[in-house]
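As structure tokens, the structure follows; a few thoughts come after it.
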Number of protein chains: 4
Amino acid sequence: MNEGRTRPLRADAARNRARLLDVAAEVFTERGLGVTTEEIARAAGVGVGTLFRHFPTKEALLQAVLVRRMERLVADGTELAEREQPAEAFFAAFRLVVDRSAGKEEFARALASAGIDVHAGLGELSGAVRELLERLLTGAQRAGAVRPELGVPELIALLVGTNASMEQLGPDPAAHERIFQVVFAGLRPAPADR
Amino acid sequence: MNEGRTRPLRADAARNRARLLDVAAEVFTERGLGVTTEEIARAAGVGVGTLFRHFPTKEALLQAVLVRRMERLVADGTELAEREQPAEAFFAAFRLVVDRSAGKEEFARALASAGIDVHAGLGELSGAVRELLERLLTGAQRAGAVRPELGVPELIALLVGTNASMEQLGPDPAAHERIFQVVFAGLRPAPADR
Amino acid sequence: MNEGRTRPLRADAARNRARLLDVAAEVFTERGLGVTTEEIARAAGVGVGTLFRHFPTKEALLQAVLVRRMERLVADGTELAEREQPAEAFFAAFRLVVDRSAGKEEFARALASAGIDVHAGLGELSGAVRELLERLLTGAQRAGAVRPELGVPELIALLVGTNASMEQLGPDPAAHERIFQVVFAGLRPAPADR
Amino acid sequence: MNEGRTRPLRADAARNRARLLDVAAEVFTERGLGVTTEEIARAAGVGVGTLFRHFPTKEALLQAVLVRRMERLVADGTELAEREQPAEAFFAAFRLVVDRSAGKEEFARALASAGIDVHAGLGELSGAVRELLERLLTGAQRAGAVRPELGVPELIALLVGTNASMEQLGPDPAAHERIFQVVFAGLRPAPADR
DNA sequence: TATGAATGAGGCTTCATTCAT
DNA sequence: AATGAATGAAGCCTCATTCAT
């Protein structure tokens, strides 16, 4: 009955949850997965109890951060795929993913460390990601802009790898661009001769 | 090389040290940096006390493992550089580095986690690595086999990134080869036209 | 009974209080004193805040549960004492107490854990209990149905003990009856000879 | 090979383990199962780490305490059974069990709380206890000293119950004796008449 | 007055490092 | 020099209680 406005009680809770996600994303990224739950809570301006009320486990928090990140990536990537020509969409999306992953390389580690659980939680989402990547990749391949022998696994690997390269370089836009040039050139079909 | 008398008491100690390094390299690689010192010691067949006698800190052990790995890389890379033609040497060394790093990606994390300290310990070594890479890179560039605008930082970044790609793919030699093809193609000078 | 105007607001409050007592009695009994206040509140269909409005402390709630249980016991025991012959009243009351305590053994633990405080709260009540027990006991002793050397403390101890026996046995009516037979036989005056 | 003396290294460890068991038995008994591991360790004069080195879990420590207690009971009860006439052995053992359990009532709670795990750990031991009790009980029954309709479960229940009675009474030897008289009288076969 | 989100002290447990043997 | 038991700081998480809505 009470349409329109958000219910006052949940307002603070929602804000805290969002705040925790934002802060956790930042702090995990900048200081690694080793940050204590206490630190995250303090950075978010709440008590540990609040953190654990919203996320039953440290890992659950990490997972939530990852999910949110991916959801956004998928959303933006999908938009790209619909707006641009296949080849442009593909390369733009490649940049998008790498840029968005900037500073988050350690998150990849979460997959290894937290392993199965994280994946499980990301489950349905992973499907969406995969579908989007497949759509972008095959589109670009049909357009003759990308080597036909590559599959989604290789694409993901190259995304992860390119991101790792960027991490390694540190913040140097020009150098980043040179890496992109190398990878993009390499992605294009090999010249017929040789 | 061993200049004079061997000190009998040191024999066991040296063996233990070597054993610890071997085992630590393996166990860090396979189970991550989270392995406990106790586990490493047990795997090496010694007590924790012995581990800490040889390496004052868990991090020091990790560093020693990294140093040894790099020393070997530099030695093998140098040999390559001396034996092969510049272009061949470059690409062979690229493969060498990536293959040798296989399964060790988490070590890169040590740089982030343990940060400065590790670097410090690697200090002098880094110089040697850098020199070798520079020699290989400029050789290949002079031979026209690699884009001239790339520098050593980009090369290192691409090595790290390619390694990350391989890690992501898991053990699939054919897929690994496709990644190498992409990166190598991308490393070659851009065609004149366009 | 309700002397004048009903205060509408209190109606809900009273209902909540009663509900909480009922639910707490049940849940404490079935899942132990370890149940969280949150669970009790949820089981009662109210928020924790409400629970704490009615009972300032988890322990206070436990105490209230105990008090209510005893009030009822005293009431029923008193009725028995007035209705039956001394000996019959005594043994019937003994059964009554044990049966009513069924499944509540852990409550005895509350005495140890919460200790003094609970006793304090039960204070006045304990007097009533004691008086009733004394009345029942001396009645039965005068009737020659119970050993004359026993006092109220021993009676209470035997009640507690018999209850513990029943708890230990689990729900087996026949076995329970055998225990009662042993205890009742033991309570009767020792035969003159030997 | 090193026969005879205990190995020096283990000496302290064994002493610490024993010390922890003794102290834990005492402290669990006197202050309930709620005592913190920290307190137990402090009382034993060791660090928490040492406690956890010897007992992987707080519950494991509790179980070890229970096992030791039972082992001793079984040993002493067995000796009794072999030394005395059946009836005397039975009643002496009954006293032994109750006296030994003095102050340990809360341990019974452990069975409920820790449940399965504790039982599991006690597994083989429970068999020994049961056998001993059966031997004592049937011996006394054959000698006509105990009601024939009672089984081991009832015996255990009465032991537990009598212990609870004693707990309830507090330290009052004369009162304890009165309880024993009641229970022992009740255990004897019912008089033929009536 | 009811709600349930927030709080934070405190519990159990782990593990790098030290030290007695 | 080697061993492994001991140490204790620190991490994650729970839960009785408080407080804003």
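In what follows, chains are A, B, ... by sequence order, proteins preceding strands, each numbered from 1. All values reported here derive from a predicted model rather than from experimental measurement.
- The nucleotide whose nearest atom lies closest to any side-chain atom of C:Val48 is, among E:dT7, F:dT17, F:dA2, F:dT17.
- Between D:Thr57 and E:dT13 there is a side-chain N or O to OP1 or OP2 distance below 4.0 Å.
- Rounded to an integer number of Å, the gap from B:Arg19 CZ to F:dA1 P is 20 Å.
- When both pairing distances are held under 3.5 Å, F:dA1 makes no Watson-Crick or G-U pair with any nucleotide shown.
- The pair B:Asp22-B:Arg68 counts as a salt bridge, with a side-chain nitrogen and a carboxylate oxygen less than 4.0 angstrom apart.
- Electrostatic pairing of A:Arg19 and A:Asp12 does not count as a salt bridge here, judged by no charged N lying under 4.0 Å from a carboxylate O.
- The side-chain heavy atoms of B:Phe52 and B:Thr57, taken from C-beta on, include no pair separated by under 4.5 Å.
- Side chains of A:Phe55 and A:Gln63 form no contact here, defined as non-hydrogen atoms less than 4.5 Å apart.
- Considering only the side chain of C:Phe52, F:dA16 comes nearest among F:dC12, F:dA16, E:dA16.
- With F:dC12, F:dA2, E:dT13 as the choices, the nucleotide that has an atom nearest any side-chain atom of D:Lys58 turns out to be E:dT13.
- If you take CZ of D:Arg17 and P of F:dG4, they are 18 Å apart, rounded to a whole angstrom.
- If you take CG of A:Asp12 and P of E:dA6, they are 7 Å apart, rounded to a whole angstrom.
- An OP1 or OP2 oxygen of F:dT3 is reached within less than 4.0 angstrom by a side-chain nitrogen or oxygen of B:Thr50.
- Annotation: side chain of B:Arg69 is in contact with side chain of B:Val65 (closest heavy-atom distance under 4.5 Å).
- Distance CD1 (D:Ile40) to P (E:dT13): 11 Å, rounded to an integer number of Å.
- For the OP1/OP2 pair of F:dA5 and a distance below 4.0 Å, the side-chain nitrogens and oxygens of D:Asn16 include no atom meeting the criterion.
- The distance between atom CZ of A:Phe55 and atom C1' of F:dC12, rounded to the nearest whole Å, is 16 Å.
- At E:dA6, one or more side-chain N or O atoms of A:His54 fall inside 4.0 Å of OP1 or OP2 (strictly under the cut-off).
- As rounded to whole Å, 12 Å separates atom P of E:dA9 from atom CZ of A:Arg42.
- Residue A:Arg53 has its side chain nearest to E:dG4 when only E:dG4, F:dT17, F:dG4 are considered.
- Residue C:Leu20 contributes atom CG, which lies 13 Å from atom C1' of E:dT3 at whole-angstrom precision.
- If you find the closest nucleotide of DNA chain E to A:Gly47 and to D:Gly49, the one lying nearer the 5' end belongs to A:Gly47.
- Pairing partner, E:dT7: F:dA16, with both Watson-Crick or wobble hydrogen-bond distances short of 3.5 Å.
- When rounded to the nearest whole Å, the span between CD of A:Glu39 and P of F:dG11 equals 7 Å.
- Where C:Thr36 and A:Glu38 meet DNA chain F, the nucleotide closest to each residue was compared, and A:Glu38 sits on the side nearer the 5' end.
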